[in-house]
Trainee: 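Below are the structure tokens for one structure; questions will follow.
What's counted below: heavy atoms across the whole structure, side chains too, no hydrogens, waters or symmetry copies.
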Amino acid sequence: MAQLSAEQNTEKEKGFSGFLNFIERAGNRLPHPFMLFIYLALAMMAISWLVSLFDVSVVHPGSGEELKVKSLISGEGLRFILTSMLENFTGFKPLGLVLTMMLGIGLTQRVGLFESVIKKTIINAHKSIITYAVFFIGIMGNIASDAAFVIIPPLAAVIFYSLGRHPIAGLAAGFASSGIGFTANILVAGTDALLSGISTEVAQTINPDVIVTPIDNWYFMSLSTIILTIAGGLLTEKFVEPRLGTYTGKSDKKELNFETNHLENKALKNTLIAAILYIAAVAALVLIPGSPLQNEDGGLIPSPFLDGIIPIIFMFFITVGVTYGVSIQKIQKVSEVPELMTDSIREMSGYIVLVFAIAQFIAYFNWSNLSTWIAVNSAEFLSSMNLTGMPVIIGFAILTAFLSLFIISGSALWALEAPVFLPMLMLLNYHPAFIQVAYRIGESSTNMVTPLNPYFAILLAFMNEYDKKAGIGTLMSLMIPYTIVFFVIWVIMLLVFGLAGIPIGPGVGMYLK
């Protein structure tokens, strides 16, 4: 690498220092997400009391019923708070969805299947497509949740180094794909289950019949995976890597050993066969005439198949996880399967604690009728300003991208935004799944350009293995091009899908039917 002089580094840092200092100051003042929602719940109690003093009411757009804003600081409010607390928590739809998904995904992660697939795919890729392989696997890596952040970037750097290319370009590709492209995937991942559960919970306050399923964004996110892979590969090879120059530094990293492991290859082969057989069995069960998974008309949109997609995906991960674990000899007795699943759920303890606070906040917001009151009045205000088209959705995505710089947890940010924006935009006839897509592209785009990201320090440590002088400015200068390009591509895709009437998922378009 053409090492940057101290003067150049200082000059480079200056361009980002004000922006970074602002983010760090504002972000460091935010409390832990759990406490944030506790404070918001307390604020909701005070606001509901204040607004109720003015005898405010609103007509529910669905039922036509007149709803008064109710105070949580009242006898009725106190009864609700005490008697609903457990139900708010245990009945929170995303909780069951996410934990079920993580039972399956966590098992496959524990036996090493994801790491093996990632390594084999990248290492065995032809040199001419190695950058694109890194991006594809990096984007797909979110199926393994945050594990992708610590597996893919350093592996990509070592591969680039082994091929005589700039290792920091490999790191950049790994960072961008696994971080900025985090929300995209061809497979249905835990993110889909988590966000759709929150969306359904909130959307049903406006229309009880609306359900957002984990596959409602599938078409959009599948196409995103392919387009971002191509765009990311081109950006890396045509701009990022040439800008870095020739790597002349020294690294303690050894070049990769490209020899294959016979046992690992056999395990992957057995797992592929098991996956094909499982998919074939599900397809046969779904497509046979009169299948119980079809709807009354013999179709699939909607159908019991889509309603039961989480258990079907869960069993897929159990099938491939157990097959790989047994083949690689990491599972030698049946009792080890629930032990591995227990380990994966243990890591979800922080999420479970956070959900308790989120569930109370949303329940208070809905019970007080403040959510409906804000949504109806906001929608009427936007309509009076003629802000009812795509600019509203794009503006929402931009706002989300900004807020994501300060609130790193994707689920926490959506739980914060959804109760306000989802009902408001639904009243403008937008489908909640389409609003959810706008949220996802905004939140994911700025994942890697905020020092508040818990993996930011780890990424800097990876970089320092190849360039001791690399700092925050270096990482930011690498990530900002990907952030801009990915966000612009996503916005264009959103416009095309929305204006052309292309479904973003099975039977799901821009507007409510």
Trainee: Looking at residues at least two apart in the chain, or sitting in another chain, which of them share a side chain to side chain donor-acceptor pair (under 3.5 Å) with Glu417?
Mentor: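 Only Thr400 meet the side chain to side chain donor-acceptor pair (under 3.5 Å) criterion with Glu417.
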Trainee: For the residue pair Tyr482 / Thr236, report whether a side-chain donor-acceptor contact shorter than 3.5 Å exists.
Mentor: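 Yes - a donor-acceptor pair under 3.5 Å links their side chains.
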Trainee: Tyr278: what forms a ring-ring contact (aromatic ring centres under 6.0 Å, His included) with it, not counting sequence neighbours?
Mentor: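 Listed in chain order: Phe316.
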Trainee: Is there a donor-acceptor pair closer than 3.5 Å between any side-chain N or O of Ser178 and the backbone N or O of Gly138?
Mentor: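 Absent.
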Trainee: Throw together a table of side-chain donor-acceptor distances under 3.5 angstrom for residues 98-108, partners on residues two or more places apart or in other chains.
Mentor:
unit_1	atom_1	unit_2	atom_2	d
Thr100	OG1	Gly96	O	2.7
Thr108	OG1	Ile105	O	2.6

Trainee: Under the side chain to side chain contact (heavy atoms under 4.5 Å, CB included) test, which residues partner Ile211, sequence neighbours left out?
Mentor: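 Per chain and number, Ile211 pairs via side chain to side chain contact (heavy atoms under 4.5 Å, CB included) with Thr200, Gln204, Thr213.
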Trainee: Taking ring-ring contact (aromatic ring centres under 6.0 Å, His included) as the definition, give me every residue that meets it alongside Phe37, ordered by chain and number, with sequence neighbours left out.
Mentor: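 For Phe37 the ring-ring contact (aromatic ring centres under 6.0 Å, His included) partners, ignoring immediate neighbours, are Phe361.
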Trainee: Under the rule for salt bridge (charged side-chain N to carboxylate O under 4.0 Å, His left out), what residues qualify as partners of Asp192, not counting sequence neighbours?
Mentor: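 In terms of salt bridge (charged side-chain N to carboxylate O under 4.0 Å, His left out), with neighbours along the sequence ignored, Asp192 is linked to Arg440.
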Trainee: Taking only residues two or more places apart in sequence, or in another chain, which ones meet Phe396 in a ring-ring contact (aromatic ring centres under 6.0 Å, His included)?
Mentor: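 Partners of Phe396 under the ring-ring contact (aromatic ring centres under 6.0 Å, His included) test: Phe421.
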Trainee: Would you list the pairs meeting salt bridge (charged side-chain N to carboxylate O under 4.0 Å, His left out) in which at least one residue belongs to residues 104-114, sequence neighbours left out?
Mentor: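 The answer is Arg110-Glu347.
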Trainee: Could you tell me which residues satisfy ring-ring contact (aromatic ring centres under 6.0 Å, His included) with Phe497, sequence neighbours excluded, listed by chain and number?
Mentor: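 Once residues adjacent in sequence are excluded, the partners of Phe497 under the ring-ring contact (aromatic ring centres under 6.0 Å, His included) criterion are Phe220.
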Trainee: So, using side chain to side chain donor-acceptor pair (under 3.5 Å) as the criterion, who are the partners of Asn377 when residues are at least two apart?
Mentor: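 Applying side chain to side chain donor-acceptor pair (under 3.5 Å) to Asn377 gives none.
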Trainee: If we count only N and O atoms by modelled type, under 3.5 Å, do the side chains of Gln436 and Asp216 hold a donor and an acceptor together?
Mentor: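 Asp216 and Gln436 do not have a side-chain donor-acceptor pair below 3.5 Å.
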Trainee: Suppose we screen for side chain to side chain donor-acceptor pair (under 3.5 Å). Which residues come up paired with Tyr439, at least two apart in sequence or across chains?
Mentor: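 Counting only residues at least two positions away or on another chain, Tyr439 forms no side chain to side chain donor-acceptor pair (under 3.5 Å).
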Trainee: What residues, two or more places apart in sequence or in another chain, satisfy side chain to side chain donor-acceptor pair (under 3.5 Å) together with Ser128?
Mentor: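 If we apply the side chain to side chain donor-acceptor pair (under 3.5 Å) test to Ser128, skipping adjacent residues, the hits are His126.
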